[in-house]
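No experiment lies behind these values; they were computed from the predicted model shown.
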Amino acid sequence: MEKHSVFLGLGTNIGEKQTNMQKALAEIKRQIGEITSLSSFYETEPVGFESENTFLNAVCRVETILSPYEILAVTQRIERALGRTRKSINGQYHDRIIDIDILLYDNIRIDTPELTIPHPLMETRDFVMIPLKEILCNNQ
C-alpha cells in the first residue's frame, strides 16, 4: 500500500490542554498512521474570536495509507471522542477542547465543500506556519 504524507494542525484552548494534545496525538497514531515529526507546542492568542483562554497549537507529520476524506472522517471522530461538540461554521469560532485540521496531503489540491487542501487559511495563521516551518526545517 502506498504511504502518503499528511500534515495536521492541532489546537486546544479549554480543559487540560497538554492532556488534550497528547490524547489527540495518541489517537492520530492509532487511527491514521505513524507520526514522523511533531513540532513544539506553542501558546498562542485566539484568532478570529474573543476568549480569555489561550491556545496550545502544534503541527504533526503523519505517514498514512488513508485517503484525505478518510483522514477527515477520522479527525472529526477523534474530535468528538475527546469532547468537541461543534465545529466552527462560516468563520464563527469558539473555545474548543480540540481542533484537528488537515493542512497538507502529499502535493495534492482538493477544493470541495467538504474539504480544501492545502488548508485555505494556513498561510495567514502564525499558529500554523511557525510549527509547520519548524518541522520542515528540522527534516531537511
Side-chain angles (χ1 to χ4, degrees):
M1 294 203 167
E2 186 179 353
K3 292 232 176 176
H4 302 278
S5 179
V6 62
F7 288 85
L8 302 174
L10 294 88
T12 175
N13 80 325
I14 54 176
E16 295 293 328
K17 294 182 255 190
Q18 289 274 348
T19 301
N20 296 344
M21 293 290 266
Q22 293 299 336
K23 286 180 179 178
L25 290 163
E27 288 303 311
I28 288 166
K29 181 178 178 182
R30 190 172 76 76
Q31 298 185 50
I32 297 175
E34 179 187 357
I35 297 173
T36 58
S37 298
L38 175 62
S39 73
S40 303
F41 289 178
Y42 291 85
E43 187 171 353
T44 63
E45 293 297 319
V47 172
F49 73 107
E50 297 287 324
S51 176
E52 57 190 43
N53 303 309
T54 59
F55 273 85
L56 201 60
N57 293 99
V59 170
C60 65
R61 179 181 178 272
V62 183
E63 291 291 320
T64 186
I65 60 171
L66 300 180
S67 74
Y69 289 97
E70 289 170 322
I71 294 169
L72 179 63
V74 171
T75 58
Q76 290 175 344
R77 192 167 57 237
I78 292 169
E79 289 173 342
R80 286 190 304 273
L82 294 179
R84 184 154 185 194
T85 56
R86 58 189 177 140
K87 291 290 279 185
S88 303
I89 299 172
N90 296 327
Q92 298 298 309
Y93 300 110
H94 49 81
D95 291 325
R96 61 205 74 150
I97 197 160
I98 195 69
D99 185 36
I100 307 169
D101 290 329
I102 301 170
L103 305 174
L104 301 164
Y105 183 101
D106 290 342
N107 291 320
I108 69 165
R109 293 189 174 276
I110 297 174
D111 190 3
T112 67
E114 300 82 31
L115 182 60
T116 303
I117 298 175
H119 190 286
L121 300 174
M122 72 180 214
E123 290 184 5
T124 66
R125 295 176 169 172
D126 284 345
F127 65 84
V128 171
M129 296 308 293
I130 291 171
L132 180 60
K133 287 177 184 176
E134 175 189 335
I135 288 177
L136 295 174
C137 289
N138 288 339
N139 287 326
Q140 289 188 7

K.L.:
If you compare all heavy atoms of I78 against all heavy atoms of A24, which two are closest, and at what distance to 0.1 Å?
P.N.:
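Smallest heavy-atom distance, with atoms named: CG2-CA, 4.4 Å.
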
K.L.:
I'd like to know if the side chain of Q31 reaches the main chain of V74, judged simply by a donor and an acceptor atom lying under 3.5 Å from each other, with no hydrogens or angles considered.
P.N.:
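A pair under 3.5 Å: no.
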
K.L.:
Within the 4.5 Å heavy-atom criterion, are D99 and E79 side-chain neighbours or not?
P.N.:
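A side-chain contact exists here, since the closest heavy-atom pair is under 4.5 Å.
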
K.L.:
If you define the side chain from C-beta out and look only at heavy atoms, does anything of V62 sit under 4.5 Å from K29?
P.N.:
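No. Closest side-chain heavy atoms not under 4.5 Å.
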
K.L.:
Please check this pair: side chain of S39 against backbone of V59, looking for a donor-acceptor N/O pair closer than 3.5 Å.
P.N.:
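It does hold such a pair.
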
K.L.:
Quick one: side chains of residues 1-9, donor-acceptor pairs under 3.5 Å with protein atoms, not counting sequence neighbours, listed by atom name and distance.
P.N.:
from	atom 1	to	atom 2	distance (Å)
H4	ND1	D106	OD2	2.6
S5	OG	R61	NE	2.9
S5	OG	R61	NH2	3.3

K.L.:
Should I65 and I32 be counted in the same cluster of Ile, Leu, Val, Met, Phe, Trp and Tyr side chains packed under 4.5 Å apart?
P.N.:
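Hydrophobic grouping puts I65 apart from I32.
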
K.L.:
According to the ring pair (Phe, Tyr, Trp, His ring centres under 6.0 Å) rule, which pairs have a member within residues 17-48, sequence neighbours left out?
P.N.:
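Qualifying pairs: none.
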
K.L.:
State, yes or no, whether a side-chain contact exists between I28 and L10 at a heavy-atom distance under 4.5 Å.
P.N.:
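In short, these two side chains touch, coming nearer than 4.5 Å.
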
K.L.:
The criterion is side-chain hydrogen bond (donor to acceptor under 3.5 Å, both in side chains); which residues satisfy it with T54, sequence neighbours excluded?
P.N.:
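For T54, the residues satisfying side-chain hydrogen bond (donor to acceptor under 3.5 Å, both in side chains) (neighbours in sequence not counted) are K17, E43.
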
K.L.:
Is there a donor-acceptor pair under 3.5 Å between the side chain of T12 and the backbone N or O of I97?
P.N.:
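Yes, the answer is positive, given that a donor and an acceptor are paired below the 3.5 Å cut-off.
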
K.L.:
Would you say L115 and P68 make side-chain contact, with heavy atoms under 4.5 Å?
P.N.:
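In short, these two side chains touch, coming nearer than 4.5 Å.
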
K.L.:
For E114, check side-chain hydrogen bond (donor to acceptor under 3.5 Å, both in side chains) against everything at least two apart and list the hits.
P.N.:
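For E114, the residues satisfying side-chain hydrogen bond (donor to acceptor under 3.5 Å, both in side chains) (neighbours in sequence not counted) are T112.
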
K.L.:
Flag the pair E45 / F127 as yes when at least one side-chain heavy-atom distance between them is below 4.5 Å, and no otherwise.
P.N.:
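They are not in contact (no side-chain heavy atoms under 4.5 Å apart), so the answer is no.
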
K.L.:
Would a 4.5 Å heavy-atom cut-off, applied to side chains only, mark M122 and R125 as touching?
P.N.:
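Result no, sub-4.5 Å side-chain heavy-atom pair not found.
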
K.L.:
Looking at C60 and I35, what are the two nearest heavy atoms and their distance?
P.N.:
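What the structure gives for the nearest pair is CB-CG2, 4.0 Å.
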
K.L.:
Enter the distance from Q22:CD to E16:CD here, rounded to the nearest 0.5 Å.
P.N.:
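It is 12.5 Å, given to the nearest 0.5 Å.
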
K.L.:
Counting heavy atoms not belonging to E63, are there more than 12 under 6.0 Å from its CD?
P.N.:
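Yes, the 6.0 Å shell around CD holds more than 12 heavy atoms from other groups.
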
K.L.:
Taking N20 for the side chain and I14 for the main chain, is one N or O donor matched with an acceptor at less than 3.5 Å?
P.N.:
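Yes; judged by distance alone, with no hydrogens or angles, the pair exists.
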
K.L.:
Please list, chain by chain and in numerical order, all residues satisfying salt bridge (Lys or Arg N to Asp or Glu O under 4.0 Å) with R30, sequence neighbours excluded.
P.N.:
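With sequence neighbours excluded, R30 shows a salt bridge (Lys or Arg N to Asp or Glu O under 4.0 Å) to E27, given in chain and number order.
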
K.L.:
So, using side-chain hydrogen bond (donor to acceptor under 3.5 Å, both in side chains) as the criterion, who are the partners of E70 when residues are at least two apart?
P.N.:
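In terms of side-chain hydrogen bond (donor to acceptor under 3.5 Å, both in side chains), with neighbours along the sequence ignored, E70 is linked to S67.
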
K.L.:
What are the two closest non-hydrogen atoms of P118 and R109, and how far apart are they?
P.N.:
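Minimum heavy-atom separation between P118 and R109: CD-NH1, 3.4 Å.
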
K.L.:
Given 3.5 Å as the limit, does a donor-acceptor pair link the side chain of D111 with the main chain of T116, or not?
P.N.:
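Not a single qualifying donor-acceptor pair exists.
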
